[in-house]
Amino acid sequence: MFTKHSIAGALLGVLLASTSASANSELNRLIEQALDADKNRMQFSAQSRAMQEQGIASSTLMDPKLKFGVGGLPVDSFRFDEDPMTNISVGLMQQFERGSSQSLKQKKSNQQAEGAQFQIRGRELEVAKAMTTLWLELGYLQFMRENLEEKRQLQGQLLRYMESNYSLGNTDTQDLLDAELSLSKLDDKLQANAQNQQRIQYQLSEWLGDEWLQQQHQLQADNNLNWPNVDSKLSGSKGVKHYPLLQGHPMVQLSETQIKTNQIEVEISEEAYAPQFGVEVMYAYRQADNMRGEPASDLLSAYVTVDIPLFTGNRQDRVSNAAQHKLGASRLQKDLLLQQLNARLNTLIVEKENFEQRIERYEGVLLPRSKERVEAINRGYDNNTLPFEQVIKAQAEDLALNLEYQRLVTDLNLTTSDIAYLINGYGYQVSAPTYSTAQSQGANSQESK
């Protein structure tokens with residue numbers, strides 16, 4: 001008997017695996033289509049490029065200052081050739097940054113741009129998780145509709161049987177009314193099911209667009225998927241400390257980027273103790289003669305300015321201390337994030353194992369025995385030892401048991417999807433987003449129309 005149940009469970013598992021393979025391919029195609037057109041990814045890409053450009057600008061010397069004027073001009077005659085002190089001067093001033101702060105600012109901007117790339121990856125995982133959740137729920141609803149239609153067919157057979165017996169006086173009015181009410185309830189459940197399926201397809205248009213929604217007639221989803229990446233990664237991580245797996249999560253990498261950015265801020269704050277230099281060169285042109293009656297020589301002046309941080313107690317020291325505190329806070333934030341993600345992952349792994357055990361019980365014991373019970377009752381009805389109501393009841397209970405089983409399969413896949421979000425276990429492949437200012441202007445002009 002147990003061998004028969006095991007064979008039935010194995011055949012059911014093979015059937016589910018074959019159907020989930022095509023479902024994986026279709027879902028990955030939809031996710032890739034959604035990500036290729038995702039405006040949020042383009043937004044993060046634009047922010048990354050903006051930070052890179054800002055880094056180049058911040059690493060460039062300040063523009064030199066041009067100084068032009070007249071000095072020593074007598075106010076009684078306003079002549080340039082009367083007094084030897086009168087001159088027309090032009091000068092150029094250039095200010096330099098403190099120490100290595102210029103290169104550090106560019107390094108900081110590049111680090112922030114790298115953080116925007118991790119935001120892109122995080123967005124991809126969020127979209128994949130949301131679409132996978134809707135896909136699985138839609139697959140369950142589609143199975144539920146088939147299940148409800150079978151139940152309605154059974155209830156219709158029971159109602160016709162009772163109407164026949166009622167005409168012969170063998171059935172009470174109350175029993176007939178109960179059967180009609182049950183049939184009406186099933187009709188309402190079918191309508192609610194169709195409403196929920198339509199709602200999910202409209203939710204998917206958030207990422208796939210309204211054109212996809214207009215072209216889409218009926219999306220055939222599935223509540224069971226293959227998870228080779230998740231199984232492979234979890235098999236290599238034992239115990240309850242899954243930090244190596246979680247290090248690759250975009251949120252963790254973004255936290256690491258923030259730590260590196262704050263470390264650069266510490267280095268920039270230390271450069272504030274270095275002197276800041278400036279250079280000024282001036283040339284003065286004179287038209288008057290000197291005391292000997294000869295043309296006066298032009299003048300050349302050169303200066304070096306130094307900004308020396310002598311009083312650092314309430315400025316440089318405070319800025320340096322603030323940068324150190326920000327660095328420590330970012331490190332604590334990363335540790336807390338890893339702790340939270342690890343606890344979440346352990347919870348999901350336990351839920352996944354429990355769902356797998358319950359599904360194994362359904363496949364090995366409950367579903368096969370329910371089928372045997374239906375067959376036994378059918379034989380009893382054929383032998384005129386059991387009433388027709390028992391046949392309908394047994395088949396309805398078998399359908400209910402199958403629906404419970406599919407709910408477990410759906411919950412297992414939803415849990416696995418949550419795990420895939422944490423350890424990057426999805427199977428989609430997408431290229432980096434492309435963004436251009438011309439593209440943005442074209443989109444704006446199209447929206448204005």
Side-chain angles (χ1 to χ4, degrees), residues 46-114 260-327 436-438:
Q47 291 176 353
S48 177
R49 292 183 60 181
M51 292 174 186
Q52 290 175 348
E53 297 294 332
Q54 185 65 36
I56 296 175
S58 61
S59 65
T60 305
L61 285 174
M62 290 183 290
D63 294 332
K65 295 180 180 179
L66 182 65
K67 183 179 181 180
F68 180 82
V70 176
L73 182 68
V75 297
D76 55 350
S77 63
F78 290 99
R79 295 184 60 181
F80 289 91
D81 56 355
E82 180 178 313
D83 193 326
M85 297 298 296
T86 303
N87 64 84
I88 301 173
S89 60
V90 59
L92 193 66
M93 295 178 291
Q94 178 64 60
Q95 193 80 10
F96 300 94
E97 293 288 344
R98 299 180 186 272
S100 303
S101 58
Q102 265 187 322
S103 59
L104 289 174
K105 287 179 180 178
Q106 182 177 13
K107 185 179 179 182
K108 176 184 175 182
S109 296
N110 291 337
Q111 197 68 56
Q112 291 174 331
E114 184 180 352
K260 294 179 180 179
T261 301
N262 291 337
Q263 180 64 53
I264 297 174
E265 288 186 359
V266 171
E267 297 176 10
I268 293 175
S269 68
E270 292 173 352
E271 294 297 325
Y273 293 94
Q276 185 176 20
F277 292 91
V279 177
E280 181 177 349
V281 178
M282 295 190 65
Y283 183 85
Y285 169 72
R286 296 194 294 179
Q287 295 181 356
D289 296 335
N290 57 20
M291 301 296 294
R292 295 188 299 272
E294 300 173 348
S297 175
D298 295 340
L299 304 176
L300 178 66
S301 303
Y303 304 93
V304 175
T305 61
V306 182
D307 181 2
I308 303 175
L310 295 179
F311 308 101
T312 61
N314 290 327
R315 187 178 180 122
Q316 286 86 351
D317 291 349
R318 301 299 181 181
V319 173
S320 178
N321 292 339
Q324 292 285 354
H325 290 314
K326 287 178 64 177
L327 177 60
S436 64
T437 54

[X] side, atom [atom1]; [Y] side, atom [atom2] - distance, nearest 0.5 Å:
| X | Y | atom1 | atom2 | answer |
| --- | --- | --- | --- | --- |
| Q111 | E265 | CD | CD | 11.5 Å |
| S48 | Q52 | OG | CD | 4.5 Å |
| Q112 | Q54 | CD | CD | 9.5 Å |
| Y283 | S301 | OH | OG | 11.5 Å |
| Q324 | E270 | CD | CD | 6.5 Å |
| S109 | K107 | OG | NZ | 12.5 Å |

Would a 4.5 Å heavy-atom cut-off, applied to side chains only, mark [X] and [Y] as touching?
| X | Y | result |
| --- | --- | --- |
| D307 | R98 | yes |
| V279 | F96 | yes |
| L92 | E280 | no |
| F277 | T305 | no |
| P295 | Q287 | no |
| E97 | L104 | no |

Is D81 salt-bridged to R286, cutoff N-O under 4.0 Å? no
Nearest heavy atoms of [X] and [Y], plus distance in Å:
| X | Y | result |
| --- | --- | --- |
| N262 | K326 | ND2-O, 3.3 Å |
| G91 | L66 | O-CD1, 3.2 Å |
| L61 | Q95 | CD2-O, 4.2 Å |
| P309 | A272 | CG-O, 3.7 Å |
| S89 | M282 | OG-CE, 3.8 Å |

Assess the residue pair D298 and N87 against the criterion (side chain to side chain contact (heavy atoms under 4.5 Å, CB included)); give the C-alpha distance rounded to whole Å, side-chain angles, the decisive distance to 0.1 Å, and a yes or no. CA-CA 8 Å; D298 295 340; N87 64 84; over 6 Å; no
Mark yes or no for whether [X], through its side chain, and [Y], through its backbone, hold a donor-acceptor pair below 3.5 Å.
| X | Y | result |
| --- | --- | --- |
| T86 | E82 | no |
| Q94 | M62 | yes |
| S320 | D317 | no |
| S101 | E271 | no |

Quick one, V70 with F80, criterion side chain to side chain contact (heavy atoms under 4.5 Å, CB included). Give me CA distance, side-chain angles, the key distance, then yes/no. CA-CA 9 Å; V70 176; F80 289 91; 3.7 Å; yes
CA sep, side-chain torsions, deciding dist, call: I88, F68, side chain to side chain contact (heavy atoms under 4.5 Å, CB included): CA-CA 8 Å; I88 301 173; F68 180 82; 4.0 Å; yes
Could you check whether atom OH of Y273 has more than 12 heavy atoms from other residues, nucleotides or ligands sitting under 6.0 Å from it? yes
